Amino acid sequence: MYVSRWAGTAPESLHLRIHRLVSRIPRGRVATYGQVARLAGLLGQARLVGYALHALPAGTSVPWQRVVNAQGAISTPPGHDALQRRLLEGEGVRFDARGRIPLASFQWRPRRSPSRTL
DNA sequence: ATGCTGACTATGT
DNA sequence: TACATAGCCAGCA
């Protein structure tokens with residue numbers, strides 16, 4: 001049996017915190033799943049970020065396309081990967097020959113941890 | 001209640 | 001560089 005480290009936090013708010021944080025990623029920038037997890041106060045829970053984004057309704061205003069994996073590659077399942085790439089390229093994010101985003105150039109670097117001031 | 005899955009990541013080979 | 005494995009935990013059956 002698991003004992004959540006975030007016991008006391010409603011499940012909805014975990015998703016909400018993730019969604020809200022993803023919404024802060026500026027246009028033309030990307031963040032990794034692990035980065036989002038860390039900024040949302042969920043260190044090490046990169047998978048939870050993916051799960052939370054997967055749960056987003058169609059047509060959401062949350063810029064889910066700005067979240068990529070630690071290699072700067074798209075991790076979305078077949079069907080969504082092409083859409084994600086198209087959306088990102090539309091924002092000015094460029095991909096290298098291997099289909100990966102140079103994180104050194106496009107990764108979002110917030111000045112402060114947003115999770116503290118929520 | 002129990003067990004498995006997953007839009008991940010760090011580490012080892 | 002690429003593939004395999006272990007750790008992680010909220011949903012879901």
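Every chain is numbered from 1 and lettered A, B, ... according to where its sequence line falls, protein lines coming before strand lines. No experiment lies behind these values; they were computed from the predicted model shown.
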Measure the shortest side-chain to side-chain distance between A:Gln84 and A:Val68 over non-hydrogen atoms and say whether it is less than 4.5 angstrom.
-> yes
Do A:Arg47 and C:dG7 have a side chain to base donor-acceptor pair shorter than 3.5 Å?
-> yes
Which of the following nucleotides, B:dA7, B:dC8, C:dC9, is nearest to the side chain of A:Gln45?
-> C:dC9
Contact class for A:Gly34 (heavy atom, under 4.0 Å): base, sugar-phosphate, or nothing?
-> sugar-phosphate
Nearest-Å distance, CG (A:Leu16) to C1' (C:dG11)?
-> 17 Å
Nearest-angstrom distance from the residue atom CG of A:Leu42 to P of C:dC8 = 15 Å
Is the phosphate of C:dG11, meaning OP1 or OP2, less than 4.0 Å from a side-chain N or O of A:His15?
-> yes
Kindly confirm or rule out a cation-pi arrangement of A:Arg85 over A:Phe95, judged by NZ or CZ under 6.0 Å from the six-membered ring centre and within 45° of its axis?
-> yes
Quickly work out the A:Asp96 CG to C:dT1 C1' distance and round it to whole Å.
-> 14 Å
Judged by nearest nucleotide, the residue sitting upstream toward the 5' end of DNA chain C, A:Gly44 or A:Arg100, is A:Arg100
In sequence, state the C-alpha distance, the side-chain angles, and the governing distance for A:Arg29 and A:Glu91, and then conclude on salt bridge (Lys or Arg N to Asp or Glu O under 4.0 Å).
-> CA-CA 8 Å; A:Arg29 289 279 173 180; A:Glu91 300 183 356; over 6 Å; no
Can you name the closest pair of heavy atoms from A:Val62 and A:Thr60 and give their distance?
-> N-OG1, 3.0 Å
Spacing of A:Gln71 atom CD relative to C:dT1 atom P, expressed in whole Å | 10 Å
Between CG of A:Leu14 and P of C:dC12 the distance, given in whole Å, is 14 Å
No-H, no-angle donor-acceptor pair, A:Tyr33 side chain to B:dA7 base, under 3.5 Å = yes
For the pair made of CG in A:Asn69 and P in C:dA2, what is the distance, rounded to whole Å?
-> 13 Å
Please state how far atom CZ in A:Arg17 lies from atom P in C:dC9, giving the value in whole angstrom units.
-> 14 Å
How close or far is atom C1' of B:dC8 from atom CZ of A:Arg38, stated in whole angstroms?
-> 14 Å
Is the shortest heavy-atom distance from the side chain of A:His19 to the side chain of A:Leu56 under 4.5 Å?
-> yes
With the side chain defined as heavy atoms from C-beta on, A:Thr76 is closest, among B:dA7, B:dT9, C:dC8, to B:dA7
Looking at the side chain of A:Tyr51, which of C:dT1, B:dA10, C:dG11 is the nearest nucleotide?
-> C:dG11
